[in-house]
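All of these numbers come straight from a predicted model, not from anything done at the bench.
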Amino acid sequence: RAASGYDLDDALRERIEDKFGGLDTYFNSLDTGHVIVSWDGGKGEETAVRAQVRGPGHHFEASDSDRDPTTAVDKTHHKLETQIRREHGNEISERDRR
């Protein structure tokens, strides 16, 4: 969803859905997610993106901003993906130790 006053065009909406919709590839127990897009520093300055995904016993959150909305989405996605992959790796390592 876009914060009040932010004009989220179809291309950016599709990019968000493509990027964040596939995060369960890395961690299949994720079941809910939210992405919020807003202005950072005032209208027309920077686009801020904040994303959260959750699953049983897991909560991941990341945010970033950039003058280019696509870059803000990509940077936020990268941070979130890194957290999820790290946690998935930790769980596999823990399982293998048992």
Side-chain angles (χ1 to χ4, degrees):
R1 73 181 165 158
S4 177
Y6 192 94
D7 185 20
L8 189 62
D9 64 25
D10 289 341
L12 189 59
R13 181 182 309 276
E14 287 178 20
R15 183 159 193 96
I16 290 168
E17 289 172 358
D18 288 344
K19 289 291 218 178
F20 294 95
L23 287 172
D24 59 351
T25 300
Y26 308 110
F27 205 82
N28 63 5
S29 66
L30 300 176
D31 54 18
T32 62
H34 300 279
V35 178
I36 299 171
V37 180
S38 61
W39 293 115
D40 187 15
K43 187 170 181 161
E45 291 187 26
E46 286 201 344
T47 298
V49 178
R50 190 172 86 228
Q52 299 176 344
V53 292
R54 297 172 192 247
H58 299 286
H59 175 95
F60 303 99
E61 187 170 342
S63 62
D64 214 317
S65 63
D66 197 275
R67 282 202 169 282
D68 177 56
T70 301
T71 302
V73 168
D74 291 350
K75 289 178 1 181
T76 302
H77 173 266
H78 177 74
K79 288 179 177 181
L80 202 54
E81 179 183 358
T82 300
Q83 290 175 36
I84 292 168
R85 283 177 175 238
R86 184 180 311 123
E87 180 64 21
H88 180 67
N90 289 343
E91 286 194 358
I92 289 174
S93 295
E94 181 64 30
R95 185 186 67 215
D96 290 347
R97 280 189 285 245
R98 291 184 211 162

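- One N or O on the side chain of R67 and one on the backbone of E45 form a donor-acceptor pair closer than 3.5 Å.
- Nearest approach of A48 to S65, heavy atoms of both residues: CA-CB, 3.9 Å.
- For the pair P69 and V49, the minimum side-chain heavy-atom distance is 4.5 Å or more.
- H59 contributes atom NE2, which lies 12.5 Å from atom CD of E87 (distance to the nearest 0.5 angstrom).
- Note that the CZ atom of R15 and the NE2 atom of H77 stand 9.5 Å from one another [nearest 0.5 Å].
- Residue E61 holds its CD atom at 11.0 Å from OG1 of T76, rounded to the nearest 0.5 Å.
- Counting only distance, with no hydrogens or angles, the side chain of K79 and the backbone of S63 share a donor-acceptor pair below 3.5 Å.
- Between T47 atom OG1 and D66 atom CG the span is 8.0 Å, to the nearest 0.5 Å.
- Rounded to the nearest 0.5 Å, atoms CG (L8) and CD1 (I36) are 12.0 Å apart.
- Put simply, the side chain of F20 does not reach to within 4.5 Å of the side chain of V53, judged on heavy atoms.
- Distance CZ/R86 to CD/E81: 11.5 Å, rounded to 0.5 Å.
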